[in-house]
Number of protein chains: 2
Amino acid sequence: MHYTRDNMATLLRGHDINPTHQRIEIAHALFSRQEHLSADQVMAIVNTRHSETSKATVYNTLKLFLDKGLVREVIVDPSKVFYDPNTLPHHHLYEVDTGKLSDIDAMHVRISGLPDLPDGMVTEGIDLIVRVRRAA
Amino acid sequence: MHYTRDNMATLLRGHDINPTHQRIEIAHALFSRQEHLSADQVMAIVNTRHSETSKATVYNTLKLFLDKGLVREVIVDPSKVFYDPNTLPHHHLYEVDTGKLSDIDAMHVRISGLPDLPDGMVTEGIDLIVRVRRAA
DNA sequence: TCCCCGATCTGGACTTTGTCTAATTCCCGG
DNA sequence: CCGGGAATTAGACAAAGTCCAGATCGGGGA
Ligand SMILES: [Mn+2]
Ligand SMILES: [Mn+2]
Ligand SMILES: [Zn+2]
Ligand SMILES: [Zn+2]
């Protein structure tokens, strides 16, 4: 499956999102790269040739994608949020010097011994972040 | 052991921090409460009676405490950093609706199956965040 | 085809969190 | 009681994100 713009439109419809020009471009930026991107980076990618999509639309669209479950948020850097086209359960490796963020498959990772949740609470997600840096 | 201001001074000296008036107040805010506080909250606490400590000093001091290993940073909310007086290994439970953040003792939690680190990298820390919300 | 109208997009003002700097104040050691 | 390095400060600045009122888009019906 190639990440053509037509396929992006289908993907959006499948998530109950009306596929507009801007939304298709933003989805294409994320899915064709399969990378973690900040709003800023999405903005830059989508407006490389000439300015086409406003800041407001980039932020609104990323929030829409998030609500519809098309992307996931990764909170790892206090200064910006990353958006992740990979919504399968997985964890993250964060290189603190470079800011590089990569996926860790959740398949083989086991987390045990967590306490019971407070009553009437449900888990929305478990984020595991391994922070690494160059050996001194 | 009570969290008196005198004890705060001793604590600071033990971490190679010159105990000034402002630093003692900020340490006292964090340690007497044993809670996760944002810079803003620290600022408010320290300046309740009348303004005593500037914004610049609050930020500078929290960063100093962080560098000296007196507190830890917790990154769970995209809009602000929390400072944690508990530097023992532990994880966090985050209630997404309320913003309430609480500790999970790392003692009984086991994480296994993490992949080997890239060469020349060392782990700086492993953050585990359980995001929960009120059952629908 | 043409028009209509709800959905979408937009510029730009605004807010919040955090950083920076040059000037002042503090306080310890002599 | 100085002198001077360390610490603090006000306020300007920056970056990420939000918000709003007005402009534009575009697809279905006449
Ligand atoms: Mn999906
Ligand atoms: Mn910020
Ligand atoms: Zn990821
Ligand atoms: Zn904690």
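Reckoned from all heavy atoms, side chains included, excluding hydrogens, waters and symmetry mates. Since the model is a prediction, treat every value here as computed from it, not as a measurement. Below, chains carry the letters A, B, ... as their sequence lines are ordered, and counting in each starts from 1.
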note = note: A/Phe82, atom CZ; D/dA16, atom P; distance rounded to Å ~ 10 Å

A/Ser38 side chain to A/Asp40 side chain, donor-acceptor N/O pair below 3.5 angstrom = no

ask   = Given atom CG of B/Asp77 and atom P of C/dT17, what is their separation to the nearest angstrom?
value = 9 Å

With 3.5 Å as the limit, what N/O pairs link the protein to nucleotides 26-28 of chain D?
residue: D/dG26; atom: OP1; partner: A/His21; partner atom: NE2; Å: 3.3

ask   = Nearest nucleotide by nearest heavy atom, which residue falls closer to the 5' end of DNA chain D, A/Lys55 or A/Asn60?
value = A/Lys55

message = In this structure, how many angstroms lie between the P atom of D/dA7 and the CZ atom of B/Phe65, rounded?
response = 12 Å

message = Using whole Å, what does the distance between atom P of nucleotide C/dT17 and atom CD1 of A/Ile75 come to?
response = 15 Å

inquiry  = Suppose the criterion is ring-ring contact (aromatic ring centres under 6.0 Å, His included): which pairs have a residue in residues 85-133 of chain B, not counting sequence neighbours?
reply    = B/His36-B/His92, B/His90-B/His92

message = Is A/Gln22 close enough to D/dC25 that one of its side-chain N or O atoms is under 4.0 Å from OP1 or OP2 there?
response = no

key: Short side-chain N/O contact from A/Ser54 to OP1 or OP2 of C/dT10, under 4.0 Å   = yes

Side chain of A/Asn18 - closest among C/dT8, D/dA12, C/dT10 = C/dT8

query = Among side-chain atoms of B/Thr57 and B/Asn60, is any donor-acceptor pair under 3.5 angstrom?
reply = no

key: Protein-nucleotide distance (B/Leu64, atom CG; D/dA6, atom P), rounded to Å   = 14 Å

inquiry  = Let me spell it out: for each of B/Val81 and A/Val58, pick the nucleotide of DNA chain C with the closest heavy atom. Which residue's pick is nearer the 5' end?
reply    = A/Val58

ask   = For A/Leu30, which of A/Asn86, A/Leu70, A/Val71, A/Ile45 qualifies under side chain to side chain contact (heavy atoms under 4.5 Å, CB included)?
value = A/Val71

query = Just to confirm, is there a sub-4.0 Å distance from OP1 or OP2 of D/dA16 to any side-chain nitrogen or oxygen of A/Ser79?
reply = no

Atom-to-atom span, CE of A/Met43 to P of C/dG12 - whole angstrom = 12 Å

inquiry  = Between B/Glu25 and B/Arg5 (salt bridge meaning N to carboxylate O under 4.0 Å), is one present in this structure?
reply    = yes

request  = Let me know the distance between NZ of A/Lys80 and P of D/dA15, rounded to the nearest Å.
outcome  = 10 Å

query = What does A/Thr53 touch in the nucleic acid at a heavy-atom separation under 4.0 angstrom: a base, only the sugar-phosphate, or nothing?
reply = sugar-phosphate

inquiry  = Strictly distance-based, threshold 3.5 Å: is any side-chain N or O of B/Arg23 a donor or acceptor partner for the main-chain N or O of B/Pro19?
reply    = no

task = Starting from P on C/dC9, measure out to CG on A/Asn47 and report it in whole angstrom.
result = 13 Å

key: B/Asp127 bridged to A/Arg131 by N-O distance under 4.0 Å   = yes

key: Phosphate-side-chain proximity, B/Tyr59 and C/dG18, N/O vs OP1/OP2 below 4.0 Å   = yes

ask   = Does B/Thr20 make a side-chain N or O approach to OP1 or OP2 of C/dC26 shorter than 4.0 Å?
value = no

inquiry  = Less than 3.5 Å apart, any donor N or O on the side chain of B/Thr10 or B/Asn7 sitting next to an acceptor on the other?
reply    = no

task = Using a cut-off of strictly less than 4.0 Å, decide whether A/Lys63 has a side-chain nitrogen or oxygen near OP1 or OP2 of D/dT18.
result = yes

message = Go nucleotide by nucleotide along DNA chain D from the 5' end; which of A/Asp40 and B/Thr57 gets its closest nucleotide reached first?
response = B/Thr57

inquiry  = Nearest to the side chain of A/Ala56, heavy atoms from C-beta on, is which of C/dT10, D/dA6, C/dT17?
reply    = C/dT10

